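Presented below is the structure to which this report refers.
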Amino acid sequence: MNVIFAVKSYITKMAEESGPGMKVLLMDKQTTSIVSIVYSQSEILQKEVFLFERIESGANLETMKHLKCIAFLRPTKDNVALLSKELRNPKYGVYYIYFSNIISKADIKVLAESDELEVVREVQEFYGDYLAVSPHLFSLNLAPCAEFRFGAANLRASNHSDPLAWLPDQLTRSVQGIVAVLLSLKKNPFIRYQGSSDLAKKLAEKVREVLSKEESLFNFRQQEASVLLILDRRDDPITPLLNQWTYQAMVHELLTISHNRVSLAHVPGIAKELHDVVLSSEHDEFYAANLWRNYGEIGQTVKALMDEFQRRAQSQQKVESIADMKQFVENYPQFKKMSGTVSKHVAVIGELSSLVTKRNLLEVSEMEQELACQDQHSAQLQRIRQIITNGKLRDEEACKLVMLYALRYRQHQNNDITGLVDALKKRGLSETKTSMIHHVLEYGNLKDNNSVRGELVSQEAVVKITKRLFKDLKGVENVYTQHVPLVKETLEDLIKGRLKESAFPMLGKSPPKRVQDIIVFIVGGVTYEESLAVHQMNQDSPFPVRIVLGGTTVHNSQSFIQEVMESTRGMNVTSSSLRTNRMR
Amino acid sequence: MYESRKNGLYKDRMAEEDKAVMEGFLCPICKADLGTPDQLVTHFQNEHSEDQDLLKSFKDLLGIAKKKILKEDGSGSLTFGKPRELFQWEPQEIGASTSHLKSFEEARSARLQRLFVPTNQLIIRLDKLLDNMPSDPIKKKAHEQNIVPWLDGDAVPRCPNCTRSFHVARRQHHCRLCGSIMCDDCSLFLPISTAMKMLDKASEVRKHSEMTLRVCSHCLSLLGGRERMKESRKCKPIICQLYEKLVECREQADEHAAMYIKMSNSLSEGETVYSLNDAQALRMTIVKLAESIDVISGKILNLDGPPEGGSASVRLQKSVRMATTAYLRTQLLRLPSLLSESDYKYAQFRRRQQIQAKIQEEKTRESKLKSPGVRPDFNSPQHNRVAAPTNSSSSNDIQDVSVGQGWVPEKKKFFDVDDPLLLQMNILRNYIQEARAAHKYDEVVSLEANLQELKDEYWKQQQEIDDLASKEESYTSGSDTTTTLESTEKDEGSQSNHSDNV
C-alpha cells in the first residue's frame, strides 16, 4: 500500500524490460508529471533512459534508429492517433508501449495496423495513472471537479438535491485514477461513499461499474478486506481554510507545491539556482525526515543542519596534507549534495518566516484554530471584529477568518455574518471578494439540514463536546495545531466498524466489520493536514490498518477558494445569504 | 511458527556477535545451553541434522548479522536529524499489468500479410530470374518470360506511366519482374549486383554482374522500401559503438568495485583473508577503468551530430555524459580508501588480540563446563576449530560470493615432480597466480586454503617418513626428500606468504 513504490516499480520495470541500450522515454503531458514526481532525472539516467520526448510536441524530427523507445502514455484518443502516426514513420528503432490505464481493443487494433515496419516489441497496461505525492497520498491534479447544476431549484424537487454535478471529463479521469490506484495496489475493495453527496455517489457507482466490467482484472488472490471510501470535500470545508504549521503543509499553504516543486523566483535577491527548488521525500533526506515536523522544530533542525554543514565546511577548508586532499575528494559529492540541501531549506524556511511575520500569521492562526476547535461564539465574534479591523492584516486572511466564522456558526442563532461582511467592506474589500464568503458558505452547505446528516450531527455533537471538554482539561499542547481534520474521525469510525451505514452507504456486498486496507478518496481535493493525520494513523494506530489517501487535487486555502468559486459559479448566492439572514 | 523460531535464532546469533554471552548459546530446538558457538554448531549438526534448512538459515543469519555490523561501522554518511520512520508495511509486489502483445501481433500480422505478399513475390521472382540466367539474349528472353508472363503488347497503346503512345520510335518494353509494359524513358534498371545483394547472395561470383534488369518504377520502389528497412535495422552510428564500449567498462568496474569493497572491509577488520597488495592493485585497475569511462563519455559528448544538426542527438550526448559523471561520482569515487601499511598492521594486531581474548574466554567456559563433566564428547573436536577462527570466518565470506561468474584457470602446466602432493601444490600455486591476475580474489582465498591443507598433509607425510627413517636409522634415503621439502618451502614463502601468518 505504498503508491510511490507502486508507480516507481512500474517505471523501473518499463526501463528494464527493454533490455540494455540507450533509451528514449516518450510521454504525454500527464504521464510526464506522473514519472517526474517519483523518479529523479539522475535516477532514470542510470536506467539508460537518456532522452525524454513529449508525444504531442513532435519536436524531435530526427530519426534515431539506435534508440529504443519506451512510450508511456495515457490511453486517450489523441495519444492513440499520435502514436499510430509515429509508428507509421518510426523515428526510433524499436518501441515498447505502455498505457497507463485500460485501453480498448479497437485502439490496439488501430495501433497494430499502423505498425507496418514491425517496430513494436511490447504493448502493455501499467496502471500508474495518478500522481504519487507521498507513500500514502495520491492526487489527480484536477480542479475544479464539479460545476453548479443549473436549475438546481427544479431538481431539488426531485431526488437530486445536490446543487453540484460532476464535470464529465473530470469524472472519467477520477474513475480512471481510482481504478489505477486499485490495480497498482492489487486491491478489489468494498465500496462506501458519503451518502449526502451526489458527487461521491456518482463516482462510487462508476468505479463499481468498472470493477464489475473488468472482473478478470480485479481477480487478485484475495487478501485482507479492503475498503474504498469516497468522501466529499464539502463535508469538511474548514480544513483547507486553515493556516498550517507543519513543514510540508506550510510550504504548500504559503508557497504552493506543485509536482514536488516550489517556486521561489519571486523572493528578492535569491540565487538563480534556487528559483525553482525540488522538495521530494524520495530524494531529499532532510525533507523526508522533517516534512511532518512543526515550524518550531524545523527551525531547530535547520540550525543543526547549518552547524553540521559549517563544521564540515571548515574541516574541508584546511586541505593541507595529501590525506586531507584524498578525503576531500572522497567526501566531495556528499559535501556538494549537503551544501545544496542546506541552501535550499534555508531559503525556503527564510521565506516562510518572513511571510509569517508579514502576514501576521501567528495571531491569525490562533484565531483560526479557536474558531475551528472551540465553541465560544460571542467571545470569538468580538475577537474577529477586532482582528479584521486591525490594519496589519492582509485582506485574504481577514476574508478567510470570516469564512471560517460563517461556516462554523452558520446555524447559530445570534450569528452576525452580515455584520462581519460589512466590516470587511469597510476595510475596502470589493464586492467580488466579500461574495466569496457566500460562495464558500453555499459550497459547504452539504445537506446538513437534511434529516440523515442532521441526526448524526446532533448525536456526534455530544461526543464532540465531551472530547472538547477533555481537551480543555488536559490543556492544549500547541494552540496552532489543535485542529484535527474530520477525515480522521471518519476513518476511526470506519476502522472500529462504527461508521453509520445511513450516512456512508455501501455499494454491493457489505464489508466485514474489521478492515485492513483503506483507500480514501476526497472529491474536491485533500490537504496536507489530512495527509499528516493519515500518516499518523498508519504509524501508530491501535489497529493494524493501512490507509492510502487521495483526492482530485491537493489543496491549499488559495486553490480551495478558487475551486469553490468555479464550482459555485452561477449560483444565486445572494438569495442563500438572505436565507441565512432569515434564519436569524 | 517458523518465523518465531527464526527470530529466536537471530537473537542468539546476534548475542553471540556482540559477545554478550550471558544468555548462553541455546539450541533453538532442544533449548540446551551449549557453552560456545562452535559447540552449538556441532551439537546442531549432530543432533538435529534432519533440520538441514534450519541449519542453513542459521548460517545465513550469521552472515546477515555480520553484514549489518560491518555496515554500521563502515558508513560515514550524513544523517539529518532523526532517522526517517519507515513504513511498517510488508514488502509490496509490483502492481497488476495486462499485456496486449498477443492481440496486437495478431492484428499486425494480418495487416502485414496484405502488404508484404507483393514484395515477397517480387523477391521470389527475382531469385528465379537470376538463377541460371542464360547469357544468350534469345534464351535469356525465353527464360525471363518463362518465369514472369509478359503482358500482351496489343492491348496497351500508350505507356501507362507517361501516357505517350507507342510507335516505331517509342517501342514497348516489359518490366522483368511484373511483366507490365512501359516506354524506354519510363524504364528503370536494376543492376544485377544490387539484385544479388537484395537476395543476400552478394558473395556469389556471377558472370553477368555488370548486367542490369529492366524494371518498372512500382516494382523498384517496393524493393527499395524493403532495402531501406533492412538498412535501418543494421545502421549503427559511432555513438552506439562508443556507448557499447562504455557499458562494457562500467560492467567491469562494477564487478571490481564490489570485490574491492569486500576486500577493503575485510582488511580494515584486520582479517588476513585478502592481501593489502592485492587490494591496492585492484584499486588501481578500478581507477584506470574510471579514467577510460570518463574519456569515452567525453568522446560521446564531443561527437558531431548528424548534418541536420538535430538538437535531440546533442541532448542525447549530454545525457549520456551526465549519467556517466553521476555514476563515476557516486559509485567509483566513493570507494573507501585503503588502510596504510602501518594501520593495517595495527588492525591485524587488534584482531589477533580479540581472537586471543575470545579463545581465552571460550576456554574458560569449556573448562567450567568440563569440570562438572557436562558433554565431554563435544570438547575434543573443539580445539581444532577454535584454533583457527579466521578460517571459519573466511569460509563464511566465501559463501557470499555469487556463483556463476564462472572463472576457470586457463593454462595447465606440468611439473616434473614425482610426489602427487607436490604436483598438486605446484598446480595450485599456478592457479593462484592466474586468479590474482584475473582479480578473482575470492578464488585466491579458497585456493590458498586448499594449498594450506595440502601443505599440512605433506608435512604430516614427511613427518611420518622422517619418523620411520629415524627409527630405522637409515639416513641415506632421507636426504633426497628433505631437499625437495626445502625447495617447496622457499617457493611457498615467496608466493603466498600471507596465507602462512594465519
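The sequence lines fix the lettering, A, B, ..., with proteins before strands; numbering per chain opens at 1. No experiment lies behind these values; they were computed from the predicted model shown.
Between A:H136 and A:W292, the ring planes are tilted. Angles from 30° to 60° get that label. Ring geometry for A:F286 against A:Y247 counts as perpendicular: the plane angle is over 60°, on a 0 to 90° scale with 30° as the lower cut.
The residue among A:K109, A:E122, A:M22 with the most heavy atom pairs within less than 4.5 Å of chain B is A:M22. Contact count against chain B (heavy-atom pairs under 4.5 Å) is highest for A:E125 among A:E125, A:Q41, A:K105, A:Q46. Per-residue counts of heavy-atom pairs under 4.5 Å with chain B were compared for A:T12, A:L183, A:L67, A:V49; the largest is that of A:L183. For the options B:A110, B:S97, B:A107, heavy-atom pairs under 4.5 Å to chain A are most numerous at B:S97. With respect to chain A, the highest number of heavy-atom pairs below 4.5 Å among B:S103, B:A326, B:S109, B:A323 belongs to B:A323. Of the residues considered (B:K318, B:E106, B:M322), B:M322 shows the highest number of contacts with chain A, using heavy-atom pairs under 4.5 Å. Here A:V120 is the residue among A:V120, A:L182, A:I97, A:V94 with the most heavy-atom pairs under 4.5 Å with chain B. Of the residues considered (B:E105, B:R108, B:K102), B:R108 shows the highest number of contacts with chain A, using heavy-atom pairs under 4.5 Å.
For chain A, no part of B:R321 is nearby; none of its heavy atoms comes within less than 4.5 Å. Using a 4.5 Å cut-off between heavy atoms, B:V320 contacts chain A through both its backbone and its side chain. For A:Y98, no part sits under 4.5 Å from any heavy atom of chain B, backbone or side chain. Only the side chain of B:R111 comes within contact range of chain A, with at least one heavy atom under 4.5 Å from a heavy atom of that chain. Heavy atoms of B:E244 lying under 4.5 Å from chain A are absent altogether. Only the side chain of B:L112 comes within contact range of chain A, judged by heavy atoms closer than 4.5 Å. Interface remark: A:A304 contributes no atoms to any contact with chain B (heavy atom separation under 4.5 Å).
Ion pairing of A:R88 with A:E113 is absent here, as no side-chain N (NZ or NE/NH1/NH2) approaches a carboxylate O to less than 4.0 Å.
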Can you list the steps and then say if A:Y95 with A:D115 is a side-chain contact (heavy atoms from CB on, under 4.5 Å)? CA-CA 10 Å; A:Y95 286 74; A:D115 183 25; over 6 Å; no
Determine, step by step, whether B:S319 and A:L45 satisfy the side-chain contact (heavy atoms from CB on, under 4.5 Å) criterion, reporting the C-alpha distance in whole Å, the side-chain angles of both residues, the deciding distance to 0.1 Å, and the verdict. CA-CA 7 Å; B:S319 289; A:L45 282 178; 3.9 Å; yes
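Looking only at atom types and distance, the side chain of A:D284 has a donor-acceptor partner in the side chain of A:H345 under 3.5 Å away. Residues A:S216 and A:N219 bring no donor and acceptor atom of their side chains to less than 3.5 Å of each other.
In the displayed structure, A:K13 atom NZ is contacted under 6.0 Å by more than 12 heavy atoms of other residues, nucleotides or ligands.
Note: B:S292 OG to B:E248 CD = 10.0 Å, rounded to the nearest 0.5 Å.
Scored by the side-chain contact (heavy atoms from CB on, under 4.5 Å) test, B:A253 finds B:L289, B:I293, B:Y327, B:L332 as partners (sequence neighbours excluded).
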